[in-house]
Amino acid sequence: GTARLYTEDDPLVLLGSGSLKRSVSSNSSSAWLVQFYSSWCGHCIQFSSTWKALAHDVQDWDTIIHIAVVDCAQDDNFDICKEYGVSFYPTFRYFGAHASPADLGKTYRGADRGVQTLRELMINFLQNHTRLGKPDHCPPLEPFNLGDLLPLLGQKSAHYTAIIIEHPTSYVGREVILDLSKYTGIVVRRALSIDTPLVDKLKITAFPSAYLLHPNGTHTHLHLYMQLRFFFTSFLRGLQGVQRRQTEDHSAPNPMGDLSEHHSTDPWREFDSSKVYMADLESALHYLLRVELATHNTLGGEELKKFKSVVTVIAKLYPGRASVQKVMENLLDWLVRLPLESIPYQAILDLVDDKMRISSLSLGAEVRWVGCQGSRPGLRGYPCSLWTLFHMLTVQYDASPKLLASTALEGDPAAVLNAMRGYIGTFFGCEQCGRHFEEMAAQSLDQVKTTEDAVIWLWSKHNQVNSRLAGSLSDDPVFPKSPWPSPALCPACHQEKEGVHTWNEEQVLAFLRQHYGAGNLSPRYLPEPQRHLPTPPLAPPQAPQKPQGAVQALQQQQPTPRATAVVLNGGGAQIRLHSGSGGWILGFTSVDMSLCLVLYVCSCLMLMLLFFFFKIRSRRWKLKNGRLHV
Ligand SMILES: Cc1cc2nc3c(=O)[nH]c(=O)nc-3n(C[C@H](O)[C@H](O)[C@H](O)COP(=O)(O)OP(=O)(O)OC[C@H]3O[C@@H](n4cnc5c(N)ncnc54)[C@H](O)[C@@H]3O)c2cc1C
């Protein structure tokens with residue numbers, strides 16, 4: 001009956017009567033820091049955000065030390081809490097690796113329970129364990145001296161070696177060592193500022209400092225924007241060849257399924273991660289409209305409404321090529337004007353492929369990932385491009401809210417997010433992702449009151465997803481998921497408060513506006529826009545072709561073409577005004593034309609009926625009144 005303070009989504013382990021002893025004792029290769037709490041205790045409720053922040057902060061240390069909780073207010077846990085002698089809440093217990101079943105853990109009684117203090121406490125425990133209690137994967141945390149490090153200078157190696165030189169009381173070096181404990185291609189060591197021969201040899205004058213030995217034998221002093229843990233860690237993780245070891249079971253299915261598949265035969269395209277590539281955005285639209293949507297035979301009711309919303313935001317806010325904007329505008333125009341309850345998918349496809357010949361352009365029909373390339377098939381690709389597309393749209397909307405004027409979404413600061421929520425929940429091929437996204441949206445989307453909030457909301461939710469997926473099957477080891485933007489992309493976005501990394505949201509907003517602004521779009525690697533040859537004004541007789549789509553079938557019932565004219569619209573794209581098999585006259589669809597024709601015939605019939613009715617009545621009247629001559 002108690003509220004749950006922690007859930008499976010938090011980066012910590014939920015333990016109870018059935019799992020506590022089994023987890024923390026003999027068979028555990030890692031250490032544990034367990035909080036015994038009670039979900040009705042006010043202090044525990046207040047403290048839960050700090051414990052979650054700690055768990056988040058040391059998430060990458062979990063092969064060495066786990067953060068866990070036991071809720072002693074749960075009936076099932078009464079006995080185990082009693083057995084462990086817990087009588088006050090919260091109680092913190094540390095268990096070394098390979099602990100015996102009789103080990104009840106070491107209790108921390110300190111009054112300071114801030115994230116930084118608890119993190120340092122964990123390091124102290126890890127450094128002072130007995131030989132048996134040492135976690136199997138714990139790297140050396142003791143300082144190295146000149147004698148240990150000198151032989152490495154100038155030596156070629158299979159990996160980088162980073163040396164953090166710091167004051168004896170500093171924890172930064174050990175924190176960085178633990179932060180990189182899951183990474184291959186790099187080894188981190190620490191040395192002390194009091195080791196004068198080493199400090200002199202490396203010419204270090206400020207502490208903490210980082211010194212990097214490259215695999216090719218060269219070595220350099222690292223000059224980072226700030227000498228903080230987050231900056232060191234982030235820089236070292238970004239080095240070429242440094243990769244996160246994946247921790248998940250590789251036989252488990254990847255929740256992304258084949259959404260990220262791409263042509264493995266594609267040549268690698270060099271790209272700049274500070275740019276956004278139009279090729280990725282167009283590939284996203286191609287995949288969304290031609291592959292993902294194709295699983296729905298018809299769109300009707302709520303689905304159709306959600307689809308219209310997403311087409312509206314793309315048509316009005318898409319910052320890429322005019323040809324693509326035109327395709328989306330035509331699609332929107334058509335969806336808005338077609339007063340149907342449901343639409344066959346094939347009709348949408350025909351329009352995207354320009355089979356109705358609205359203009360001479362259609363959307364490119366291939367995926368070409370650039371900034372969203374994965375290191376192997378099955379990684380990155382479409383989901384990456386979908387995030388990118390929606391980030392761009394939130395930023396475009398923030399820059400020009402008037403772009404959605406006169407649409408059904410006008411005036412809604414969360415218009416793009418709502419459209420994205422509708423799309424992800426209904427159409428996105430990864431169901432599990434859709435559920436997670438919906439949970440996040442249901443929790444906090446209503447707090448978005450301005451278009452700025454919308455930009456920040458999506459950024460922060462995307463970072464939540466990144467942190468949840470770090471090290472998972474969908475994490476590309478060459479592009480590991482981490483808090484974004486990295487210090488390399490936006491140093492001013494990062495700061496530290498009481499030893500904990502925080503964001504400078506003002507700087508983040510400015511960065512997002514620049515990064516996802518239209519000015520940062522790169523046309524590199526774009527395929528040529530797809531153009532169709534104009535239909536000759538008087539087409540030669542053709543053999544009847546197999547109808548290719550619902551709209552075409554409708555069009556083929558129309559009379560044969562007689563005349564075609566071509567004009568330029570405001571945006572410069574060509575629009576055909578023609579009758580016949582094209583089915584579009586002055587912007588009216590063949591459905592519009594058919595309706596006109598039916599109404600026209602009906603009104604003629606009505607007029608004729610009225611005419612005959614009155615004619616017969618007047619004849620009767622004349623006969624009755626003997627005025628046949630009138
Ligand atoms: C709505 C949604 C929900 C998803 N949920 C899941 C899930 O539950 N499980 C799962 O396995 N996969 C999920 N995915 C897929 C996953 O998030 C990644 O898209 C995929 O693994 C590819 O990752 P990536 O490395 O290309 O980077 P992505 O996370 O796809 O990011 C794409 C690009 O956006 C930029 N970026 C990164 N973070 C941010 C940020 N915070 N703000 C702005 N820009 C940023 C970077 O340039 C990055 O390269 C989801 C995708 C979407 C679109």
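Note that these values count all heavy atoms, side chains included, but never hydrogens, waters or copies made by symmetry. We number each residue from 1, following the sequence as shown. Note that ligands are numbered from 1 as they come in the structure, with each ligand's atoms numbered from 1 the same way. Computed from a prediction, not measured in an experiment: that's the story for all the values here.
Close contacts between ligand 1 and Ile424 involve ligand atoms 1 (C) [criterion: under 4.0 Å to a heavy atom]. Heavy-atom proximity to Ser474, at under 4.0 Å, picks out these atoms of ligand 1: 10 (C), 11 (O), 12 (N), 21 (O). Near Arg468, with a cut-off below 4.0 Å to any heavy atom, the atoms of ligand 1 are 7 (C), 8 (O). Per-residue contacts place Pro383 under 4.0 angstrom from the following atoms of ligand 1 (heavy atoms of the residue considered): 15 (C), 19 (O), 53 (C). Of all the atoms in ligand 1, the ones that sit under 4.0 Å from a non-hydrogen atom of His436 are 8 (O).
In this structure the side chain of Asp60 reaches within 4.5 angstrom of the side chain of Arg244, judged on heavy atoms. The shortest distance between side-chain heavy atoms of Arg524 and Val370 does not fall below 4.5 Å. Two residues are said to be in side-chain contact when any heavy atoms from C-beta on lie closer than 4.5 Å; Leu118 and Trp51 meet this criterion.
Residue contacts with ligand 1 for Phe437 involve side-chain atoms from C-beta outward but no N, CA, C or O (heavy atoms, distance under 4.0 Å). For Asn466, every heavy-atom contact with ligand 1 shorter than 4.0 Å involves the side chain, none the backbone. Counting heavy atoms closer than 4.0 Å to ligand 1, residue Leu469 contributes side-chain atoms (C-beta onward) but none from N, CA, C or O.
Residue His462 holds the heavy atom nearest to atom 34 (O) of ligand 1 of all those in His391, His462, Met420. The heavy atom nearest to atom 23 (O) of ligand 1, out of those in Met440, Gln373, Lys481, His515, is found in Lys481.
Contact between Lys461 and ligand 1 is absent, with no heavy atom of the residue lying under 4.0 Å from the ligand. Residue Tyr516 places a heavy atom under 4.0 Å from ligand 1. Heavy atoms of Val465 come nearer than 4.0 angstrom to ligand 1 in at least one pair.
Close placement of the Tyr37 and Tyr6 rings is indicated, their centers lying within 6.0 Å of each other. For Trp459 and His391, the distance between ring centers is not under 6.0 angstrom.
Enclosure of atom CD in Gln464 by more than 12 non-hydrogen atoms of other residues, nucleotides or ligands within 6.0 angstrom is indicated.
In terms of polar-atom proximity, defined here as any N/O pair under 3.5 Å, Trp387 does make such a contact with ligand 1. The N/O atoms of Ser472, backbone and side chain alike, include none that comes under 3.5 Å of an N/O atom in ligand 1.
For the side-chain contact (heavy atoms from CB on, under 4.5 Å) with Val448, the lone residue among Thr450, Leu445, Thr451 that qualifies is Leu445.
By the 30° and 60° cut-offs, the orientation of the rings of Tyr525 relative to Tyr277 is tilted.
Side chain to side chain, Asp475 and Ser472 fail the donor-acceptor criterion of an N or O pair below 3.5 Å.
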Is there a ring-ring contact (aromatic ring centres under 6.0 Å, His included) between His462 and Trp484? Walk through the geometry before answering. CA-CA 9 Å; His462 190 170; Trp484 191 94; 7.5 Å; no
